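A short worksheet on the structure shown next.
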Amino acid sequence: MAPAPPAASAQEQARLVEESKRLAAYQAVKDHLHPDYTRIGIGSGSTVVYVVEAIAALGAAATSGMLFYPTGAQSEELIEVAGLRLQTINKLPAGAQLDVAFDGADEVDEALNLIKGGGACLWQEKIVATSAKKFVCVADFRKLSKRLGTSWTKGIPIEVLPMAANRVLAELRSMGAPDARIRPGLPGKAGAIVTDNGMWIIDAPFPPLRLPTDEDGQAGGEAGIWTVDALADRLIKLPGVAEIGLFHGQNGLQTQNGGAQKPVAAYFGMADGSVEVKTAPS
Ligand SMILES: O=C(CO)[C@H](O)[C@H](O)COP(=O)(O)O
């Protein structure tokens, strides 16, 4: 039997991850940024940096007619530094939609449900994603899982009103997330992390979430095994919860605004230099 290849060094692994993010972002922009588009949503995180880089690389002639809508302070700065035209989502005319929104994810399941909020920007991210005609996710190979909560074990990020944080924590613990905790701000800030919206984040680790198509899929219960949709529906109704980091919904389920929480496509940069594209099952 041939000896197993040596494991990649930590440095090589980090390089592979960075390169895979870049590949996914450039491919997603190539496939989904039509030259006629005028309103583009820009998400948060380290993968989106490459989305902005890919857009800026098209040149001012291609992008000068486009307005870019951020999902928080980080993405606002990215847009400005790249020399792109910044606009706030609150200025979107009534009834209008973004042409496309690009954003990263912490984990993506096979039905394209997402965990987001690792960077604490989930609330504005959900507003921008659901304001778009199409939402496109960009990620590296580590993010693809059969079930949410498999590789992203830090928990589902939940944005909460600070004065209700302990009450929400108690609810989460009784729902099957005994290790739910308020995200600390350290090393940058003592105490809780504070979001762009003045809220706190609770990270709630639940056992891996099921899909309705699972044979043993069940909507919660004593074992604490939730389907994505059942858990999301319950979490968003807890008093004190502003928004949750589950981007979910039945395929094609639209908000009143016309947009969906789930992406139309997720681009994964792979370790071998390819890009795997997953589209929402119809
Ligand atoms: O949801 C997010 C921030 O709130 C990010 O999109 C998510 O954390 C992925 O980030 P990265 O591209 O750095 O892995």
Side-chain angles (χ1 to χ4, degrees), residues 13-29 40-55 68-79 89 100-109 112-132 135-145 148-160 183-185 188 192-205 232 235 241-248 261-263 265-271 275:
Q13 176 73 6
R15 192 196 63 75
L16 275 178
V17 167
E18 250 357 81
E19 181 58 12
S20 63
K21 290 178 188 179
R22 200 180 65 79
L23 288 170
Y26 272 76
Q27 189 65 47
V29 168
I40 324 295
I42 298 292
S44 321
S46 57
T47 315
V48 161
V49 171
Y50 296 110
V51 168
V52 174
E53 185 185 287
I55 295 173
F68 293 86
Y69 295 75
T71 53
Q74 180 230 356
S75 94
E76 191 175 313
E77 192 179 348
L78 276 178
I79 292 166
I89 199 75
V100 61
F102 298 97
D103 204 350
D106 300 304
E107 196 170 15
V108 184
D109 72 16
L112 300 195
N113 295 298
L114 311 178
I115 292 181
K116 289 185 51 54
C121 301
L122 61 104
W123 196 0
Q124 294 191 37
E125 289 173 342
K126 197 170 275 188
I127 291 168
V128 168
T130 57
S131 297
F135 167 34
V136 177
C137 181
V138 287
D140 62 77
F141 54 90
R142 301 168 305 167
K143 309 289 182 70
L144 182 56
S145 287
L148 296 183
T150 310
S151 64
W152 183 262
T153 52
K154 294 178 187 173
I156 297 165
I158 300 172
E159 188 154 354
V160 296
R183 190 182 296 179
I193 203 164
V194 179
T195 71
D196 290 337
N197 318 304
M199 302 284 159
W200 288 359
I201 298 284
I202 290 178
D203 292 302
L235 292 177
V241 167
E243 191 47 273
I244 62 171
L246 282 174
F247 285 45
H248 75 110
Q261 295 188 20
K262 286 205 308 194
Y267 283 65
F268 298 94
M270 307 306 288
V275 176

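Just so you know, ligand 1 is whichever comes first in the structure, and atom 1 is the first atom listed for that ligand. No hydrogens, no waters, no symmetry mates; every other heavy atom, side chains included, goes into these values. Counting from 1, the numbers follow the sequence of the chain as shown. No experiment lies behind these values; they were computed from the predicted model shown.
The number of heavy-atom neighbours closer than 6.0 Å to CD of Q13, taken from other residues, nucleotides and ligands shown, is above 12.
Residue L114 holds its CG atom at 13.0 Å from CH2 of W152, rounded to the nearest 0.5 Å. In this structure, CZ in R15 is found 10.5 Å from CD in E18, a value given to the nearest 0.5 Å. Note that the NZ atom of K262 and the CG atom of L246 stand 12.0 Å from one another [nearest 0.5 Å].
Applying the 4.0 Å criterion to heavy atoms of G104 picks out, from ligand 1, the atoms 6 (O). Ligand-side atoms of ligand 1 in range of A120: 4 (O), range being under 4.0 angstrom from any heavy atom. Which parts of ligand 1 touch S46 is read off a 4.0 Å heavy-atom cut-off, strictly below it: atoms 11 (P), 12 (O), 13 (O), 14 (O). Close approach to S44 involves these atoms of ligand 1, each under 4.0 Å from a residue heavy atom: 5 (C), 6 (O). Residue contact check: K116 has heavy atoms under 4.0 Å from atoms 1 (O), 2 (C), 5 (C), 6 (O) of ligand 1. Here is the list of ligand 1 atoms found below 4.0 Å of a heavy atom in D103: 6 (O).
Checked by atom type, the side-chain pair Q124/D196 shows no donor-acceptor distance below 3.5 Å.
The heavy atom nearest to atom 2 (C) of ligand 1, considering only Q74, K126, E107, E125, is found in E125.
Residue V48 has no nitrogen or oxygen atom sitting less than 3.5 Å from a nitrogen or oxygen atom of ligand 1, judged on distance alone. On a distance-only criterion, D106 and ligand 1 share at least one N/O pair closer than 3.5 Å. Considering backbone and side-chain N/O of G45, none are found under 3.5 Å from N/O of ligand 1.
Side-chain atoms of D106 come within 3.5 Å of backbone N or O of G118 as a donor-acceptor pair.
For K143, the closest heavy-atom approach to ligand 1 falls below 4.0 Å. The shell of residues lying under 4.0 angstrom from ligand 1, judged by heavy atoms, includes G117.
Of all the heavy atoms of A105, the ones lying under 4.0 Å from any atom of ligand 1 belong exclusively to the backbone.
The protein heavy-atom contact nearest to atom 12 (O) of ligand 1 is T47 OG1, 2.6 Å.
Scanning both residues, G245 and L122, for their nearest heavy atoms gives N-CD1, 3.9 Å. Shortest non-hydrogen contact noted between W200 and I193 is CD1-O, 3.5 Å. Among all heavy-atom pairs drawn from K21 and D140, the shortest one is CE-OD2, 3.6 Å.
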